[in-house]
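These numbers were taken from a predicted model, which means no experiment stands behind them. Order of appearance sets the numbers: ligands from 1, and atoms from 1 within every ligand. We number each residue from 1, following the sequence as shown.
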Amino acid sequence: MAPAPVDDSMPTRISSDCPQDIRDVLYHAWGHDVPGLKKILDVRGKASAQDPQTGETPLHAAIRACGPAAESDDADDGCVEEAKEVMQELFFSGAIWNDVDGNNETPGCVAQRLGHKALYDMCVGAGVRAELLFALMEGYEELSSGSDVGEDAAEEDATAEDAAAEAQGDAKETADQNDRKFVPPDAKEKPVTSDEYLKSTLTYDADKLLDADLNGVMMAWETDIMRRSVAALIPDAEPGKRILNIGFGMGIIDGMFADLKPLRHHIIEAHPSVLEHVFKPASKFGPGWEASGLEDGAYKIHAGKWQEVVPKLLEHGEMYDAIYFDTFGEDYSQLRMFFTEYIPGLLDQEGRFGFFNGLGADRRICYDVYTKVVEMHCADAGLDVEWEESDVDMAGLKEEGKGDWEGVRRRYWTLDKYRLPICTFMG
Ligand SMILES: C[S@@+](CC[C@H](N)C(=O)[O-])C[C@H]1O[C@@H](n2cnc3c(N)ncnc32)[C@H](O)[C@@H]1O
């Protein structure tokens with residue numbers, strides 16, 4: 001069923017019982033009145049005030065006021081330029097780029113829906129700045145993460161932006177938040193932590209692996225992404241490569257790697273239920289597989305968290321041509337730590353590194369923000385990233401609880417394009 005169209009009219013978005021001080025800032029933003037806004041934005045938290053009924057923020061209002069984009073830029077009446085000025089002012093004053101309104105839209109989502117690319121790009125820019133600042137503050141460990149690396153980035157981003165805004169001396173007023181009546185749709189989501197996940201009981205069926213809370217750890221619809229990742233990491237399907245895969249899951253990518261007859265194939269897996277599954281007699285990766293390598297230890301499942309196993313691999317001088325990273329229940333800080341601290345020692349100079357790119361995949365703007373953040377952090381680590389974009393078959397993925405999502409707690413993927421990262425050493 002198609003979602004009901006959003007009513008973008010001012011009387012709907014600024015509610016009749018919105019407190020006067022919030023109403024003022026929303027009206028000034030909607031009217032693109034920069035001088036008027038400047039006078040009231042010096043009050044802490046004003047730039048990210050929200051209508052308690054609708055969740056409208058000044059950023060939403062400034063963008064929404066432009067209405068749907070004109071067919072051509074010439075037909076634009078200058079509204080977009082005005083909106084840009086207002087948004088600039090709001091961002092300077094600590095406006096939060098990814099607060100969701102009662103329609104579960106961030107300001108960037110509204111800009112995208114209305115077709116205002118320039119305004120959308122401003123939101124992406126603000127998101128990137130907030131995330132980079134947050135990373136500098138090393139605040140990731142306090143964040144909750146929905147499931148896989150970045151799969152719940154929307155929630156994570158809100159916290160990140162809070163931290164960033166606070167760093168600029170513009171924290172939201174607590175009273176503001178307490179007064180809110182609307183509930184963002186994902187506010188009740190139970191976050192997954194690595195420790196809890198690793199203690200939980202998992203269930204395998206033919207097309208998915210679920211944790212005890214029915215979160216999708218791995219699902220068969222990702223098979224095409226795994227296939228593309230293998231092709232990107234090992235072009236021309238060359239045999240004889242040295243491969244490291246972190247996170248066995250359903251063994252989909254490992255099955256594909258094994259088919260390429262590698263020289264070395266190491267797998268790191270931490271979850272006891274997955275390890276039990278791997279070592280079942282029917283498994284392709286049991287002791288028989290381990291014994292089939294050309295030399296002792298050439299094919300091996302390393303049981304344990306990668307954080308503990310990888311330093312040992314380094315000590316043994318292991319070096320790989322292809323490394324893939326796809327864990328669950330960990331936030332982006334872990335992926336970043338992996339490629340910053342360990343890839344330089346583990347990857348051959350001509351090797352390729354890839355990861356499952358579910359970063360922010362439940363919302364387009366978060367995906368775009370993370371693409372840029374990862375690119376910058378990879379550059380810091382001496383890595384170039386090339387993105388290979390491909391279509392995702394959304395036939396069974398469109399609706400929460402239906403199709404592939406039947407029996408799965410949360411639809412962690414909503415995008416019709418996958419951005420596959422191929423990381424190589426610079427220069
Ligand atoms: C999304 S699945 C991997 C799916 C895999 N790419 C496939 O093709 O089937 C994530 C896996 O990472 C494992 N994992 C989670 N945290 C880990 C950690 N810190 N170290 C090693 N493995 C971990 C999980 O138990 C799970 O098996």
Side-chain angles (χ1 to χ4, degrees), residues 140-141 145-152 192-213 215-234 243-260 265-280 283-285 300-313 322-339 341-342 346 353-359 361 404 408 410 412-413 418 420-421:
Y140 289 110
E141 66 274 10
S145 167
S147 54
D148 207 341
V149 173
E151 278 172 3
D152 200 22
V192 179
T193 68
S194 177
D195 283 351
E196 277 174 36
Y197 162 70
L198 291 175
K199 281 188 218 135
S200 78
T201 312
L202 306 186
T203 5
Y204 276 97
D205 70 24
D207 58 7
K208 55 188 171 310
L209 171 61
L210 300 179
D211 74 2
D213 287 321
N215 290 301
V217 177
M218 181 64 185
M219 298 180 68
W221 69 263
E222 296 174 43
T223 301
D224 185 53
I225 291 173
M226 296 299 130
R227 190 172 299 116
R228 288 175 190 277
S229 302
V230 171
L233 293 181
I234 308 181
I243 298 170
L244 172 65
N245 178 44
I246 298 179
F248 181 82
M250 295 171 71
I252 298 174
I253 204 163
D254 281 305
M256 296 170 183
F257 281 141
D259 289 345
L260 296 182
H265 183 176
H266 291 170
I267 300 168
I268 305 178
E269 173 55 51
H271 201 293
S273 310
V274 177
L275 290 165
E276 192 188 316
H277 176 85
V278 175
F279 289 114
K280 275 189 182 146
S283 161
K284 183 174 174 180
F285 293 94
K300 188 154 182 61
I301 308 270
H302 295 273
K305 291 175 73 164
W306 67 263
Q307 290 88 341
E308 286 146 19
V309 175
V310 162
K312 293 181 193 148
L313 297 178
I323 299 179
Y324 192 67
F325 184 103
D326 181 11
T327 64
F328 180 85
E330 300 189 314
D331 64 36
Y332 169 63
S333 70
Q334 296 304 292
L335 171 62
R336 185 183 176 204
M337 177 167 89
F338 179 72
F339 67 67
E341 292 184 20
Y342 296 113
L346 288 174
F353 162 62
F355 56 89
F356 175 73
N357 183 14
L359 297 165
D404 290 329
V408 182
R410 202 176 71 91
Y412 61 79
W413 185 275
Y418 180 76
L420 185 153

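Checked by distance only, ligand 1 and Val217 stay at 3.5 Å or farther apart across all their nitrogen or oxygen atoms. Backbone and side-chain nitrogen or oxygen atoms of Leu198 are examined, and none is located within less than 3.5 angstrom of a nitrogen or oxygen of ligand 1. When only interatomic distances are considered, the shortest N/O to N/O separation between Ile252 and ligand 1 falls below 3.5 Å. Note: an N/O pair closer than 3.5 Å links Asp326 and ligand 1 by distance alone. Residue Tyr324 has no N or O atom closer than 3.5 Å to an N or O atom of ligand 1. The shortest N or O to N or O distance between Val274 and ligand 1 is not under 3.5 Å. Taking any N or O of Gly249, backbone or side chain, at least one lies under 3.5 Å from an N or O belonging to ligand 1.
Residue Ala270 holds the heavy atom nearest to atom 21 (C) of ligand 1 of all those in Ala220, Gly358, Ala270. For atom 13 (C) of ligand 1, the nearest non-hydrogen atom from the set Glu269, Glu330, His271 comes from Glu269.
The distance from ligand 1 to the heavy atoms of Gly247 drops below 4.0 Å at these ligand atoms: 3 (C), 5 (C), 6 (N), 11 (C), 12 (O), 13 (C). If you number the atoms of ligand 1 from 1 as listed, the ones under 4.0 Å from a heavy atom of Met226 come out as 6 (N), 8 (O).
For Phe248 and Phe285, the distance between ring centers is under 6.0 angstrom. Here the two rings, on Tyr197 and Phe328, have centers that are under 6.0 Å apart.
At least one donor-acceptor pair closer than 3.5 Å links the side chain of Asp211 to the backbone N or O of Asp213. Side-chain atoms of Tyr204 never come within 3.5 Å of backbone atoms of Leu210 as a donor-acceptor pair (strictly under, hydrogens ignored).
Here Phe248 has backbone heavy atoms under 4.0 Å from ligand 1, and that is the only part of it that gets that close. The side chain of Gln307, and not its backbone, has at least one atom closer than 4.0 Å to an atom of ligand 1 (non-hydrogen atoms only; side chain from C-beta on).
Ligand 1 lies within reach of Gly251, whose nearest heavy atom is under 4.0 Å from it. The closest approach between any non-hydrogen atom of Tyr197 and ligand 1 is below 4.0 Å. Gly304 counts as a contact of ligand 1, since one of its heavy atoms falls under 4.0 Å from the ligand.
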Next on the checklist: Let's go through Phe338 and Phe353 carefully: what are the C-alpha distance in whole Å and the side-chain angles of both, what is the deciding distance for ring pair (Phe, Tyr, Trp, His ring centres under 6.0 Å) to 0.1 Å, and is it a yes or a no?
Outcome noted: CA-CA 11 Å; Phe338 179 72; Phe353 162 62; 5.7 Å; yes

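Using a 4.0 Å cut-off between a side-chain N of Lys or Arg and a carboxylate O of Asp or Glu, Asp224 and Arg228 qualify as a salt bridge. Salt bridge annotation for Asp259-Lys284: present, with a cationic side-chain nitrogen under 4.0 angstrom from a carboxylate oxygen.
The aromatic rings of Trp413 and Tyr418 lie tilted to each other, with the angle between the two planes from 30° to 60°.
Rounded to the nearest 0.5 Å, atoms OH (Tyr324) and CG (Leu233) are 8.0 Å apart. Going from atom CG of Asp254 over to atom CD1 of Ile301 covers 6.5 Å, rounded to the nearest 0.5 Å.
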